[in-house]
Amino acid sequence: MSKVTISDSVLYVGVDDKTLDLFESQYIVPNGVSYNSYVILDEKITIMDTVDARATEPWLENLAAVLGDNKPAYLVVSHMEPDHAANIQKLAEMYPEMQIVVNAKTLAMLPQFFAIDNLKDRAVVVAEGDTLSLGSHTLQFFMAPMVHWPEVMVTYEQAEKILFSADGFGKFGALDADEDWACEARRYYMNIVGKYGAQVQALLKKAATLDIQTICPLHGPILKEDLGYYIGKYQVWSSYEPEDEGVVIAYASIHGNTGKAAKQLAEMLQQKGAKKVKVFDLSRSDMAEVIEDIYRYDKLVLACATYDGGMFPVMEDLLYHLKLKNFQNRKVGLVQNGSWGPIAGKQMAAQLEAMKKIEIVGPLVTIKSTVKPETVAALEQLADAMIQA
């Protein structure tokens, strides 16, 4: 069991998974992921969520080590996604007298995944603000719909001032991964929760009314110190405000010429004093990392070759993801390439116009096959416009 300390009565029983290659079958997790589960020891022992089926056996071992001969009174289900809920039925069968604490939406969703005997009799259905006494601990429940499923709820333990935050404040990476919290938490947030900024803002308003000393998420480390830092990051991310000044250049190049232009633009921006410039080859970059940095910085340049009378597919894919994740409130420059009928710029602009508060900056730079002196001059104009924006 991972050596995670919360308190004498709140114990960690989660599992690190370092064998997973793709989280949700799409996000690369080079340092794995943790499936967090907790036990509250009190008169009525309570388990906070289960874990992914991949981690069932080590989780049951961790649970047995904590429970001994004791039996849990409650299982609290924060979120029905299988990486947290896979073992609900198994646990229900192991402990037939255990009650399952859910909200109405969770209760309706449970039969889609499991066939639990006498579910309605075993369910303790809670609503916004309801409390449940365990003895010396009291749980209070707050609904968090669409953060990032409709049935999500978070739980505040009043005695020890712990927020069990479901997927909120989570991150990629096993608990023993030696990595910066913000980087992998940002990539996790932008790609998984990013669409639901308004719902996250609503949850943060609820959290602001609570005296929170510890945050226990369903992925990633337990947060105990400098909570204002983590909450501040979520305020920025969920409001779609840029986190830092800088320019991301994302290019889609067939034979390399559009890529050359993108790299020349990056050099110009650096020479003109841009605080940070990051360049991504969309054919070779991890889409989740591209999305993370596009959300992080305040400016973006999209450079795309025309292909089959449209955008090169990897650019189309990026714009699809940006729209899906509610991308907004940024300044964007455009570069297109085309040997006989450059059209990518017009199509990129049309996609961006459908997004909120996107400002197209500078000239549309058009490359006719290869970079020429007139292309360099146009890139200089775009660089100046991006610096001044």
Side-chain angles (χ1 to χ4, degrees), residues 22-28 81 145-150 152 167 172 185-202 234 236-244 246-253 258 262 278-337 342-362 364-365 386 389:
L22 293 175
F23 185 84
E24 291 189 352
S25 298
Q26 59 180 318
Y27 304 115
I28 297 169
E81 200 165 10
M146 299 317 301
V147 186
H148 62 122
W149 278 24
V152 173
D167 272 341
F172 295 129
R186 183 188 299 108
R187 187 166 72 97
Y188 175 90
Y189 175 89
M190 298 305 181
N191 287 279
I192 294 174
V193 192
K195 180 178 181 178
Y196 304 108
Q199 290 86 346
V200 173
Q201 288 273 302
Y234 260 62
V236 172
W237 296 342
S238 60
S239 65
Y240 302 100
E241 291 294 327
E243 190 177 348
D244 294 305
V247 185
V248 172
I249 302 174
Y251 70 86
S253 186
T258 307
K278 297 202 71 173
V279 181
F280 291 101
D281 176 355
L282 293 177
S283 294
R284 293 170 175 80
S285 298
D286 172 25
M287 182 62 73
E289 287 194 10
V290 179
I291 297 292
E292 174 200 345
D293 276 335
I294 286 176
Y295 271 85
R296 179 176 183 177
Y297 296 105
D298 62 340
K299 297 169 188 174
L300 169 66
V301 175
L302 301 177
C304 184
T306 300
Y307 183 83
D308 280 349
M311 291 178 276
F312 195 47
V314 289
M315 180 60 73
E316 196 166 11
D317 189 34
L318 172 64
L319 286 163
Y320 166 79
H321 278 84
L322 290 178
K323 184 178 181 181
L324 189 67
K325 302 304 178 184
N326 210 9
F327 180 63
Q328 58 186 272
N329 195 28
R330 295 295 189 277
K331 295 177 172 61
V332 184
L334 298 175
V335 178
Q336 67 175 352
N337 194 350
I343 195 67
K346 181 179 180 180
Q347 295 199 0
M348 289 188 292
Q351 292 283 341
L352 291 164
E353 286 167 5
M355 303 177 197
K356 299 176 185 176
K357 295 187 286 186
I358 299 295
E359 179 185 347
I360 304 296
V361 174
L364 168 61
V365 177
M386 294 302 290

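When reading the values below, keep in mind they use all heavy atoms of this one structure, side chains included, and skip hydrogens, waters and symmetry mates. Predicted model, so just to flag it, every value in this text is computed and none were measured. Index from 1, following the sequence.
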Let me check something: any side-chain donor-acceptor pairs from residues 189-199 under 3.5 Å, sequence neighbours excluded? List them with distances.
unit_1, atom_1, unit_2, atom_2, d
Asn191, ND2, Arg187, O, 2.8
Asn191, ND2, Ala288, O, 3.1

Is the backbone N or O of Ala389 less than 3.5 Å from a side-chain atom of Lys299, with the two atoms forming a donor-acceptor pair by type? yes
Considering all heavy atoms of both residues, which atom of Arg330 and which atom of Ile294 are nearest to each other, and what is their separation? NE-O, 3.7 Å
Gap between atom CZ of Phe327 and atom CG of Leu300 - 0.5 Å precision: 5.0 Å
Drop me the distance from Glu243's CD to Arg186's CZ, to the nearest 0.5 angstrom. 4.0 Å
Step by step, would you call Val290 with Leu318 a side-chain contact (heavy atoms from CB on, under 4.5 Å)? CA-CA 8 Å; Val290 179; Leu318 172 64; 4.0 Å; yes
Side-chain heavy atoms of Asn337 within contact of Phe312, under 4.5 Å: no
Short side-chain to backbone donor-acceptor contact, Asp298 and Gly246, under 3.5 Å: yes
Is there a donor-acceptor pair under 3.5 Å between the side chain of Thr306 and the backbone N or O of Ile343? yes
Is the Tyr27 ring parallel, tilted or perpendicular to the Phe172 ring (thresholds 30°, 60°)? tilted
When rounded to the nearest 0.5 Å, the distance separating CD of Gln347 from CE of Met311 is 5.0 Å
Using every non-hydrogen atom in the two residues, find where Leu352 and Val332 come nearest and quote the distance to one decimal. CD1-CG1, 3.8 Å
To the nearest 0.5 angstrom, please state how far the OG1 atom of Thr258 sits from the CG atom of Leu302. 12.5 Å
What heavy-atom pair brings Met386 and Val247 nearest, and what distance separates the two atoms? CE-CG1, 4.4 Å
Do you know the tightest heavy-atom contact between Lys325 and Tyr240? O-CE2, 4.0 Å
Taking the side chain as everything from C-beta on, heavy atoms only, tell me whether Gln328 gets closer than 4.5 Å to Met355. no
So, for Tyr295 and Leu322, which heavy atoms are closest and what is the spacing to 0.1 Å? OH-O, 4.1 Å
Say you draw a straight line from CE of Met315 to OH of Tyr251; how long is it, rounded to the nearest 0.5 Å? 11.0 Å
How long is the gap from CD1 on Ile358 to CG on Asn329, to the nearest 0.5 Å? 7.5 Å
Heavy-atom closest pair (Gly345 atom, Gln336 atom, distance to 0.1 Å) is N-OE1, 2.8 Å
Check whether any side-chain heavy atom of Asp293 sits under 4.5 Å from a side-chain heavy atom of Phe280, and report yes or no. yes
Just wondering, do Glu81 and Glu24 contact through their side chains at under 4.5 Å, heavy atoms? yes
Heavy-atom donor-acceptor pair, Asp308 side chain to Gly310 backbone, under 3.5 Å: no
